[in-house]
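The figures that follow rest on heavy atoms only: side chains count, while hydrogens, waters and symmetry mates do not.
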Amino acid sequence: MGLSTTISLEEWPGDDGLKVGCGLRPMATTSSKSRVVGGTDAQPGAWPWIVSIQDARGRGSGHICGGSLITPEWVLTAAHCFVKSRAPPAPRRDVSEWRVVAGVTQLSRHGPETQQRQVRRLVLHRDYSSVTESHDVALVQLDRPVRCGPRVQLACVPPAPAALPRLSHCYVSGWGSTDARAAGSADVLQEAKVQLIDPQLCNSSRWYAGAIHEHNLCAGYPQGGIDTCQGDSGGPLSCQDRTGPYFWLVGVTSWGKGCARARHPGVYTSTQHFYDWILAQMGLSTEATTPPPPQTASFSPPSQPPAEQASAEPCPFPRKKLQEFFSLLQELLQKLRGSEA
């Protein structure tokens with residue numbers, strides 16, 4: 001199926017002819033250990049759209065930043081992950097030196113659903129400033145689409161004009177430092193529940209004193225204690241919709257003053273604010289203010305190498321597969337309950 005110029009990032013055609021929602025967490029439990037500084041280890045597949053953006057020449061895993069899958073071949077992340085600290089902004093390395101890993105929970109231990117991709121194209125917002133951290137958003141195009149499964153899903157990006165319901169169950173996730181006083185990254189994906197904080201309060205004199213831009217969100221706690229930190233940059237701020245069992249990708253981890261400090265919560269780039277920009281860069285909008293990329297995203301992945309053809313699944317993970325998975329899980333639970341009786 002070819003691209004539609006009116007398609008939105010939160011709706012994709014399913015294999016049963018129905019609109020299949022994104023933002024699904026088929027492997028997540030109904031209650032998350034909600035408490036990344038101050039967080040807990042995430043269960044495998046808990047946040048299936050998060051990816052690790054890595055330096056292929058780095059030591060260990062090479063993890064640098066997080067990101068979120070928003071289509072099978074595009075990752076939404078932060079611009080500052082790829083930019084030198086000095087102006088003018090410029091990519092820190094050639095894109096061939098980066099890789100993206102999806103479907104992974106423990107960076108040192110890849111599972112059967114882990115997929116590694118190279119970077120084909122990097123798009124930084126042209127107005128990004130490394131001084132003020134404004135317009136801190138970027139897109140990474142993968143060299144080939146990912147295959148969806150229980151541990152690899154697409155995030156839902158809220159449309160620009162949409163009025164989202166009040167979101168109270170919000171979470172951050174990433175492989176960043178778990179100690180504000182120490183550098184380095186976590187081996188196991190961390191997650192933490194956070195609260196959205198009123199932007200006016202966040203920008204007040206005792207908080208960030210005017211440094212928050214109109215396209216920023218603040219999330220965390222007034223007293224601190226739980227926050228994203230170094231290495232979590234580019235990762236998702238995900239909030240559950242009250243009308244259904246799916247999550248919205250409302251923010252991209254951007255910056256903060258220290259980690260987990262009182263009155264200095266994490267600052268995030270609003271995805272809703274940049275919705276039209278995202279569409280334009282991927283060639284999905286007829287109102288693009290910049291030329292679309294030479295090779296745009298597509299609903300159906302291009303032909304895969306023979307080794308992957310048999311196991312390839314379209315994104316998002318087909319509704320029929322999810323129904324089969326939950327049916328099998330229900331049968332297993334019933335058998336377990338029967339054996340305990």
Side-chain angles (χ1 to χ4, degrees), residues 3-14 19-25 47-53 65-79 81-82 98 100-103 115 117 119-125 136-149 151-160 162 164 171-174 215 217 233-241 246-254 268-285 288 292-293 295-301 313-317:
L3 281 175
S4 166
T5 57
T6 59
I7 194 72
S8 60
L9 294 177
E10 74 280 2
E11 290 185 342
W12 293 77
K19 288 291 184 182
V20 179
C22 46
L24 301 174
R25 303 173 63 204
W47 303 103
W49 45 85
I50 194 171
V51 300
S52 171
I53 299 175
C65 280
S68 300
L69 286 164
I70 58 172
T71 80
E73 60 177 322
W74 286 94
V75 170
L76 185 64
T77 186
C81 293
F82 309 94
W98 298 92
V100 174
V101 181
Q115 301 171 55
R117 298 290 186 267
V119 175
R120 174 184 295 175
R121 189 167 182 261
L122 174 62
V123 183
L124 277 61
H125 198 288
D136 189 15
V137 62
L139 284 164
V140 173
Q141 185 181 20
L142 308 180
D143 64 337
R144 53 194 172 92
V146 298
R147 307 180 312 278
C148 279
R151 297 183 183 179
V152 178
Q153 292 280 301
L154 304 180
C156 290
V157 180
L164 295 178
Y171 298 83
V172 290
S173 50
H215 52 262
L217 301 172
S233 294
L237 170 61
S238 307
C239 297
Q240 188 171 10
D241 192 291
Y246 57 91
F247 283 72
W248 292 101
L249 174 63
V250 301
V252 173
T253 304
S254 181
Y268 302 82
T269 301
S270 167
T271 58
Q272 194 169 24
H273 184 92
F274 290 100
Y275 184 84
D276 292 338
W277 178 85
I278 295 169
L279 287 178
Q281 304 313 309
M282 297 192 303
L284 293 174
S285 172
Q295 296 179 338
T296 56
S298 59
F299 291 126
S300 302
E313 292 285 6
C315 283
F317 197 49

Response to the item:
When rounded to the nearest 0.5 Å, the distance separating CH2 of Trp277 from NE2 of His125 is 6.0 Å

Worksheet item: What distance do Gln153 atom CD and Cys148 atom SG have between them, rounded to the nearest 0.5 Å?
Response: 5.5 Å

Worksheet item: Is the backbone of Pro48 close enough, under 3.5 Å, to the side chain of Arg25 for a donor and an acceptor to pair up by distance?
Response: no

Discussion item. Could you tell me if the side chain of Val100 sits less than 4.5 Å from the side chain of Leu69, heavy atoms only?
Written reply: no

Worksheet entry | Set of residues satisfying ring-ring contact (aromatic ring centres under 6.0 Å, His included) with respect to Phe247, sequence neighbours excluded | Trp47

Practice prompt. Kindly say whether Arg147 contributes a backbone atom to a donor-acceptor pair with the side chain of Gln115 at under 3.5 angstrom?
Written response: yes

Fill in: Rounded distance (nearest 0.5 Å) linking atom CG of Leu76 with atom CG of Leu249
6.0 Å

Item to complete: Provide the closest heavy-atom pair for Leu154 versus Pro72 in the form atom of the first, atom of the second, distance.
Response: CD2-N, 3.9 Å

Worksheet item: So which heavy atom on Val137 is nearest to which on Ala79, and how close?
Response: O-CB, 3.5 Å

Response to the item:
In this structure, CD1 of Ile70 is separated from OH of Tyr275 (nearest 0.5 Å) by 9.5 Å

Discussion item. Strictly distance-based, threshold 3.5 Å: is any side-chain N or O of Thr269 a donor or acceptor partner for the main-chain N or O of Asp136?
Written reply: yes

Practice prompt. List the steps, then state whether side-chain contact (heavy atoms from CB on, under 4.5 Å) holds for Ser238 with Trp49.
Written response: CA-CA 10 Å; Ser238 307; Trp49 45 85; 3.3 Å; yes

Worksheet item: For the residue pair Arg121 and Trp74, what are the closest heavy atoms and their distance?
Response: NH1-CH2, 4.0 Å

Worksheet entry | Side-chain (Arg144) to main-chain (Arg117) donor-acceptor, under 3.5 angstrom | no

Worksheet item: Between Phe82 and Ile53, does a side-chain contact (heavy atoms from CB on, under 4.5 Å) hold up when you go through it step by step?
Response: CA-CA 10 Å; Phe82 309 94; Ile53 299 175; 4.1 Å; yes

Worksheet entry | Test item: Gln272 side-chain N/O and Pro159 main-chain N/O as donor-acceptor pair under 3.5 Å | yes

Worksheet item: Is the closest side-chain heavy-atom distance between Tyr268 and Thr253 below 4.5 Å?
Response: yes

Worksheet item: Would a distance-only check, ignoring hydrogens and angles, find a side-chain to backbone donor-acceptor pair under 3.5 Å from Asp143 to Arg120?
Response: no

Worksheet entry | Minimum heavy-atom distance Ala102-Val51, with the two atoms named | CB-CG1, 3.8 Å

Worksheet item: What are the two closest non-hydrogen atoms of Asp241 and Trp248, and how far apart are they?
Response: OD2-NE1, 2.7 Å

Item to complete: Applying side-chain contact (heavy atoms from CB on, under 4.5 Å) between Thr271 and each of Pro158, Cys156, Ser68, report the one that passes.
Response: Pro158

Response to the item:
Nearest heavy-atom approach of Leu139 to Met282 is CD1-CG, 4.2 Å

